[in-house]
Asks: 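Structure incoming, see below.
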Amino acid sequence: MAELHHDATLTPGKLDLLPEWMARQRWYAGKGRVPRLRRLWSWRLDDPDGEVGIETLVVLDEGGPEPVVYQVPLTYRAAPLAGSEHALVGTIDHSVLGDRWVYDGPQDPVYASALLDLLLGRATAQSGSESDTSEPLVASHPRAGAPQVLVHRSRVLSGEQSNTSIVYETVDASGAPTNPLICKVFRTLHHGENPDVVIQGALADAGCTLVPSPVGHLTASWPDPRRAEGVAQGDLAFAQEFLPGVEDAWRVALGAAERGEDFTEQARALGRATARMHTTLREALPTVA
């Protein structure tokens, strides 16, 4: 477990390092301005090799018309991570550990592997304020029968606007390739259940094979001054089966139109599949007229 240095000073501080970097990220909602951040909470993951610090900050941006809560996973390294210049948040001087290179967590393979271990129930979240202490406010919910795979390689999908998705190439215990997984890290946090988690879970529980199989999700409770109770509870991340090479139906339809190809049968198949999913959801979840 990671040792926290409570008496250490950081130059610059973490909240001094983040604003300019966050302002450039696609998932940052306050386009055209720099956030004004307040730290609400943090939690950590352990690097099995004890080399990389892994911390997730939950921060409140009070610089816009409405305050927004963001999840910001970071890794701290004693040397630059080769080939990851694009993922560098900045550098800080740690009064105990010396120079530290700070990276966007999802783009660091150590964070990606540790997160999947947590989602699959093989690791425990750690406190962001106490050494050698688990964090009970973070809970993993692996689905029954979730594959106990190992990470061979990970990468972040480009082009996403509001979240960050990590694609995992995985292997089994013998090293043989297995079906890849994808984990969506929710950047903007909200109180309550995330629709991705609820809908995918309901379809899977009902035996629907029209959507990728969910693997597990991560929940937490965190301080939130926007709520009367002062606390919010919701989803942090969601993992599921990844289907490589599958295209969005809208893009497929556009391609057919551009080529002058008939899309009638595909459209009917898509309509039937959509109807089946809606019927399943109506049976699996509460409904109102």
Side-chain angles (χ1 to χ4, degrees), residues 1-2 27 42-58 71-77 81 83-84 87 103-128 134-158 160 162-187 189 193-194 196-198 200-201 204 211-220 234-244 246:
M1 294 184 178
W27 46 261
S42 70
W43 59 281
R44 290 179 175 263
L45 286 167
D46 281 331
D47 170 17
D49 294 330
E51 297 294 330
V52 179
I54 308 172
E55 180 180 33
T56 293
L57 298 179
V58 176
Q71 177 181 202
V72 187
L74 300 171
T75 60
Y76 307 98
R77 289 176 167 267
L81 178 60
S84 296
Y103 289 93
D104 180 31
Q107 302 191 67
D108 189 318
V110 172
Y111 168 85
S113 293
L115 178 64
L116 187 60
D117 282 342
L118 179 62
L119 281 160
L120 293 177
R122 300 190 300 231
T124 303
Q126 300 297 307
S127 169
S134 61
E135 178 51 83
L137 297 179
V138 178
S140 61
H141 307 271
R143 289 187 65 86
Q148 293 300 310
V149 295
L150 303 174
V151 178
H152 171 64
R153 186 181 294 110
S154 64
R155 61 182 174 88
V156 168
L157 288 184
S158 60
E160 288 191 295
S162 57
N163 300 297
T164 301
S165 290
I166 308 169
V167 175
Y168 294 94
E169 296 178 27
T170 59
V171 297
D172 62 20
S174 69
T178 56
N179 293 332
L181 303 176
I182 183 169
C183 177
K184 181 180 290 187
V185 177
F186 302 122
R187 290 295 192 162
L189 299 185
E193 295 177 305
N194 189 286
D196 282 352
V197 178
V198 174
Q200 295 280 92
V211 295
S213 300
V215 171
H217 67 284
L218 196 65
T219 61
D235 294 298
L236 300 181
F238 171 61
Q240 64 182 23
E241 176 187 19
F242 180 63
L243 306 176
V246 173

Asks: Just verifying a value: how many Å separate L119 CG and H141 NE2, rounded to the nearest 0.5 Å?
Replies: 10.0 Å
Asks: Strictly by side-chain hydrogen bond (donor to acceptor under 3.5 Å, both in side chains), give each pair with a member in residues 111-121 just once, sequence neighbours left out.
Replies: D117-R122
Asks: Would you say that L115 contacts C183 through its side chain, given a criterion of any heavy-atom pair below 4.5 Å between the two side chains?
Replies: yes
Asks: If I take atom CG from residue D196 and atom CD from residue Q240, how far apart are they, to the nearest 0.5 angstrom?
Replies: 7.5 Å
Asks: Let me confirm one number: the OG1-CG distance from T124 to D46, rounded to the nearest 0.5 Å.
Replies: 9.0 Å
Asks: Determine the minimum heavy-atom distance between V185 and P73, stating which atoms define it.
Replies: CG1-CG, 4.3 Å
Asks: Please check: side-chain N/O of T170 versus main-chain N/O of N179, any donor-acceptor pairing under 3.5 Å?
Replies: yes
Asks: List in chain and number order the residues that pass side-chain contact (heavy atoms from CB on, under 4.5 Å) with A146, two or more places apart in sequence or in another chain; answer none if no residue qualifies.
Replies: L120, V215
Asks: Determine which pairs satisfy salt bridge (charged side-chain N to carboxylate O under 4.0 Å, His left out) with at least one residue from residues 140-154, sequence neighbours left out, and list them in order.
Replies: R143-D205, R153-E169
Asks: Can you tell if the side chain of L116 reaches within under 4.5 Å of the side chain of Y168, non-hydrogen atoms only?
Replies: yes
Asks: From L218 CG over to D235 CG, what is the distance, rounded to the nearest 0.5 angstrom?
Replies: 8.5 Å
Asks: So, does S154 use its side chain to make a donor-acceptor pair with the main chain of P109 at under 3.5 Å?
Replies: no
Asks: Just to verify, what does S174 make a side-chain contact (heavy atoms from CB on, under 4.5 Å) with, not counting sequence neighbours?
Replies: D172, A176
Asks: For residues P106 and R187, determine if any side-chain heavy atom of one lies less than 4.5 Å from a side-chain heavy atom of the other.
Replies: yes
Asks: Contact between F238 and P214 at the side-chain level, heavy atoms closer than 4.5 Å - yes or no?
Replies: yes
Asks: Does E193 CD have over 12 foreign heavy atoms under 6.0 Å away?
Replies: no
Asks: To the nearest 0.5 angstrom, please state how far the OG atom of S165 sits from the CZ atom of R155.
Replies: 10.5 Å
Asks: Do you know which two heavy atoms are closest between L45 and A125, and how far apart they sit?
Replies: CD2-CA, 4.5 Å
Asks: What's the shortest heavy-atom distance between T219 and H217, and which atoms?
Replies: CG2-CD2, 3.6 Å
Asks: To the nearest 0.5 Å, what is the distance between CD on Q126 and CD1 on I54?
Replies: 10.5 Å
Asks: Among all residues two or more places apart in sequence or in another chain, which pass the side-chain contact (heavy atoms from CB on, under 4.5 Å) test with N163?
Replies: K184, F186
Asks: According to side-chain contact (heavy atoms from CB on, under 4.5 Å), who are the partners of R77, at least two apart in sequence or on a separate chain?
Replies: V52, L81, Y103, D108, V110
Asks: Please evaluate residues I182 and L157 with respect to the criterion side-chain contact (heavy atoms from CB on, under 4.5 Å), reporting the C-alpha separation (whole Å), side-chain torsions for both, the decisive distance (0.1 Å), and the verdict.
Replies: CA-CA 9 Å; I182 183 169; L157 288 184; 3.7 Å; yes
Asks: For a quick test of reading the model, state the closest non-hydrogen atom pair linking T75 to G105 and the distance between them.
Replies: CG2-CA, 4.1 Å
